[in-house]
There are 4 protein chains.
Amino acid sequence: MSRQKTIDQTQLFYETEQLILEAGYTGFHFKALAERLGVARSTIYNYYPRKEELITAYMLHLIEEAVRKMDDAIKSEEPLKTLLRIWVKYANMHQMLQIMPYIDQKATPKVEENTQKMYALFREMKKKISDVLYKGQQEGQIRTDIQMPTLVGLMMATVQIPVHHTELEEWVNEVHDLLLNGFTN
Amino acid sequence: MSRQKTIDQTQLFYETEQLILEAGYTGFHFKALAERLGVARSTIYNYYPRKEELITAYMLHLIEEAVRKMDDAIKSEEPLKTLLRIWVKYANMHQMLQIMPYIDQKATPKVEENTQKMYALFREMKKKISDVLYKGQQEGQIRTDIQMPTLVGLMMATVQIPVHHTELEEWVNEVHDLLLNGFTN
Amino acid sequence: MSRQKTIDQTQLFYETEQLILEAGYTGFHFKALAERLGVARSTIYNYYPRKEELITAYMLHLIEEAVRKMDDAIKSEEPLKTLLRIWVKYANMHQMLQIMPYIDQKATPKVEENTQKMYALFREMKKKISDVLYKGQQEGQIRTDIQMPTLVGLMMATVQIPVHHTELEEWVNEVHDLLLNGFTN
Amino acid sequence: MSRQKTIDQTQLFYETEQLILEAGYTGFHFKALAERLGVARSTIYNYYPRKEELITAYMLHLIEEAVRKMDDAIKSEEPLKTLLRIWVKYANMHQMLQIMPYIDQKATPKVEENTQKMYALFREMKKKISDVLYKGQQEGQIRTDIQMPTLVGLMMATVQIPVHHTELEEWVNEVHDLLLNGFTN
DNA sequence: CATGAATGAGGCTTCATTCAT
DNA sequence: GATGAATGAAGCCTCATTCAT
């Protein structure tokens, strides 16, 4: 019925991610993206009529995936460590979130919708972390004299800690230990 | 009647900072800057012949100031807490550093120079933090089973923790406590 | 469930007309047209390989219809009034004619052909009006001291007079009276 | 203080008018305009940041001029004929008004403002014509059995009558006569 | 120095049109 | 025939930068 497709969602999202990571939002154009994909610029417009629509669709997809994994994480034995592992694997998600303020969130209704959903999911993620920590408090392992948002904040901030380690798992162990026990002996 | 016609360095840096904070690197143009300053766009070129030159000059200035304050900090009684306080007060510096990758660092020799200096200063800052922690290790307060970059990394990551507190000092105390003693009871 | 998949000439012309009337030539695209018709854009190309071909075909069809009606009109008792009535009913034809200059009339041989035919028919229409007026002059009702093109021109210009009337027939009567007897008492 | 100007308002408006008359709204681009003016496309943007802004500014200017002339006209001896003369001299204004529907009237606040003003002036023009006709009615020359909007409409429609005459004044005389006395002997 | 004027490069989008199935 | 896919040409617009005064 029609010609063969040359770009698929997966590849499109993959190159979108790569381009943003390499060039930042400033350097993210359909021109550059088209070159990477080896298609004409206008072709992309047949899929996403607006730069912002593609970018938010991609982000939404990313965060949805992360949230799904977290759901499983919570049921694991060491939930905090598992959350940490996921959170760090999705470190680029964190980077993406930082570019949100520079996106025209009212570009099209679709963009607005995607944005809303993303923020909702992001709040959900924080909620999941809170829940794990709260459970720890109930069970007496986690201290209660620090405000919850500060606890969550520190946990989430760890994404910024560079990975000097041979294995990601080493990083996870070290940071987990540090979070739980602090700097002091 | 007419707005101020001459450019004042201080105001120039101030507006540069504001503009970047409000609009990000994407929204940082000489056009917008000139409007804020109430001068013609071309006037700015008499001071900084290149957008990148202005931006790196401003950042360099910012980081120099922070480093200077840190020098004093180290001599204080609670050096870690003082460092934390400074680091957080210069939180925007952190934001600025994140835009560095998107700046054409070879635009002009001056830009290259500024960039080099900035990175040097940034390394110096990390060194200062390391030193404080190292001293703590020598004195037996800080644990030695965690790699130094991880310690420094966590300390620096704290800028990301949102400030829900009435007073910045509360935030500092809470985060300091958390860093030292960890999540557990 | 799905919208009609085959194109029907009548509907095609109908939507063409509607779209031009609503959006003007500027807003007349195959994209918009295809949406209205509920078919793929490319489908239209199976019928009209060129935008201009469709548009001129439609116009030709419209003007042919009008000319046919005028033929009958001339045989009526009040030929001028009847012509006026037809002319006004085909007011959109007038609008269409105004977009002709902006169409690439040499796009394809077919377009050229349609255009030629249209202009011929249009001249024929003017001829018919002239004939009616000329007959009036012969019979002594219509004055002869005004150049014929001016008479015809005024008659055709009436299409621009807005219809504030409840019934179109009222408009016709009023304008007819005005044309014949003028502004004065 | 600055470089010499290469385009002035007058020339800009003149070329705008010519281009619209020749190419219609479809063919009116800054690209074409810039070529005519012999400047870079972007230069025009320094004056009018939006295509619609230029076009509406030009139209407003045109209609303002016409209204001003009409004011004088009304005091003349043969006001209706004078109005007719002016109206026809500004025939292109009429053409401009017809493209209004295809302009994005909400493009910018300035565009909206211009549009509002234009419509107001246009209503004013119609009012002036009405006033002249009304005065004629009071003085017993103009018939009162035809609705005023129809009278005004016919008068305004005359712009559409082609000028086959050697002198514009001949056209004016002929049309004026025709309007007043009608087609009949 | 300050400025208004001009410009080119580059990014954003839309649409007519072609083509393989 | 009908369609989805791809594309190029063309128009829109913004901004860094240069230049003459």
Side-chain angles (χ1 to χ4, degrees), chain A residues 1-8 26-34 37-52 104 107, chain B residues 2 4-7 26-34 37-54 104 107, chain C residues 2 4-7 26-34 37-54 104 107, chain D residues 1-8 26-34 37-53 104 107-108:
Chain A
M1 278 189 94
S2 87
R3 268 206 279 201
Q4 193 77 62
K5 257 197 183 182
T6 58
I7 40 177
D8 67 349
T26 321
F28 178 80
H29 340 132
F30 275 15
K31 193 183 177 204
L33 191 58
L37 289 165
V39 297
R41 224 184 327 186
S42 54
T43 303
I44 306 177
Y45 282 91
N46 290 334
Y47 295 81
Y48 293 92
R50 222 36 82 143
K51 190 187 168 184
E52 290 87 356
D104 175 3
Chain B
S2 69
Q4 186 177 344
K5 294 292 172 190
T6 326
I7 290 186
T26 320
F28 176 79
H29 333 133
F30 274 17
K31 201 186 175 197
L33 190 60
L37 289 166
V39 299
R41 210 153 48 177
S42 50
T43 303
I44 305 177
Y45 284 86
N46 292 327
Y47 297 81
Y48 294 93
R50 226 24 91 139
K51 192 186 172 189
E52 289 85 357
E53 242 168 75
L54 167 55
D104 175 5
Chain C
S2 67
Q4 186 179 341
K5 292 293 171 191
T6 326
I7 289 185
T26 321
F28 177 79
H29 333 134
F30 274 18
K31 201 185 174 197
L33 190 59
L37 288 165
V39 299
R41 215 160 34 183
S42 49
T43 303
I44 305 179
Y45 284 85
N46 291 329
Y47 297 81
Y48 294 93
R50 221 35 83 144
K51 194 187 171 188
E52 290 87 357
E53 244 169 73
L54 167 57
D104 176 5
Chain D
M1 277 191 98
S2 87
R3 264 207 282 200
Q4 193 78 60
K5 258 199 184 181
T6 58
I7 41 177
D8 67 350
T26 322
F28 177 81
H29 339 133
F30 275 16
K31 194 185 175 202
L33 192 58
L37 289 164
V39 298
R41 226 186 323 192
S42 55
T43 304
I44 306 178
Y45 282 92
N46 290 335
Y47 295 82
Y48 292 92
R50 224 31 86 144
K51 189 187 169 185
E52 291 87 357
E53 234 164 85
D104 176 2
T108 70

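At the heavy-atom level, D/Tyr47 lies under 4.0 Å from the strands shown only through sugar-phosphate atoms. D/Leu37 comes within 4.0 angstrom of no nucleic acid atom, judged by non-hydrogen atoms across all strands. Residue contacts for C/Arg41: at a heavy-atom cut-off of 4.0 Å it reaches a base atom on one of the strands shown.
With hydrogens and angles ignored, no donor-acceptor pair under 3.5 angstrom links the side chain of A/Asn46 to the base of F/dA5.
For F/dG11, the OP1/OP2 oxygens have no side-chain nitrogen or oxygen of D/Arg50 closer than 4.0 Å.
When distances run from any side-chain atom of C/Ser42 to the nucleotides E/dG4, F/dC15, E/dC19, the shortest one goes to E/dC19. Nearest to the side-chain atoms of B/Tyr45 among the listed nucleotides F/dA16, E/dT18, E/dA5 stands F/dA16. Among the nucleotides F/dA2, F/dT17, E/dA16, the one closest to any side-chain atom of C/Thr43 is F/dA2. Side-chain proximity of B/His29 to the nucleotides F/dC15, F/dG11, E/dC15 is greatest for F/dC15.
With a 3.5 Å limit on both pairing distances and Watson-Crick or G-U wobble geometry required, the stems of 3 or more pairs in DNA chain F span E:2-21 with F:2-21.
Applying the ring pair (Phe, Tyr, Trp, His ring centres under 6.0 Å) criterion to C/Phe28, with sequence neighbours excluded, gives no partner residue.
Between atom CG of residue B/Leu33 and atom CD1 of residue B/Ile7 there is a gap of 8.0 Å, rounded to the nearest 0.5 Å.
Remark: P of F/dC15 and CG of B/Leu33 are 13 Å apart, rounded to the nearest angstrom. In this structure, CD1 of D/Ile44 is placed 12 Å from C1' of E/dA6, rounded to the nearest angstrom. Taking atom OH on D/Tyr48 and atom C1' on F/dG11, their separation rounds to 21 Å, with Å as the unit. Atom-to-atom, CZ of B/Phe30 to C1' of F/dT14 comes out at 15 Å; the value is rounded to the nearest Å. As a whole-Å value, the separation of A/Lys51 NZ from E/dT13 P is 7 Å. Distance A/Asp104 CG to E/dG11 C1': 15 Å, rounded to the nearest Å.
Sequence order on DNA chain E of the closest nucleotides to C/Ala32 and A/Lys31 puts A/Lys31 first from the 5' end.
Counting heavy atoms from C-beta on, the side chains of B/Ile44 and B/Leu37 come closer than 4.5 Å.
The two residues D/Ala32 and D/Gly27 make their nearest non-hydrogen contact at CB-O, 4.3 Å.
With ring centers used as reference points, B/Phe30 lies 6.0 Å or more from B/Tyr48.
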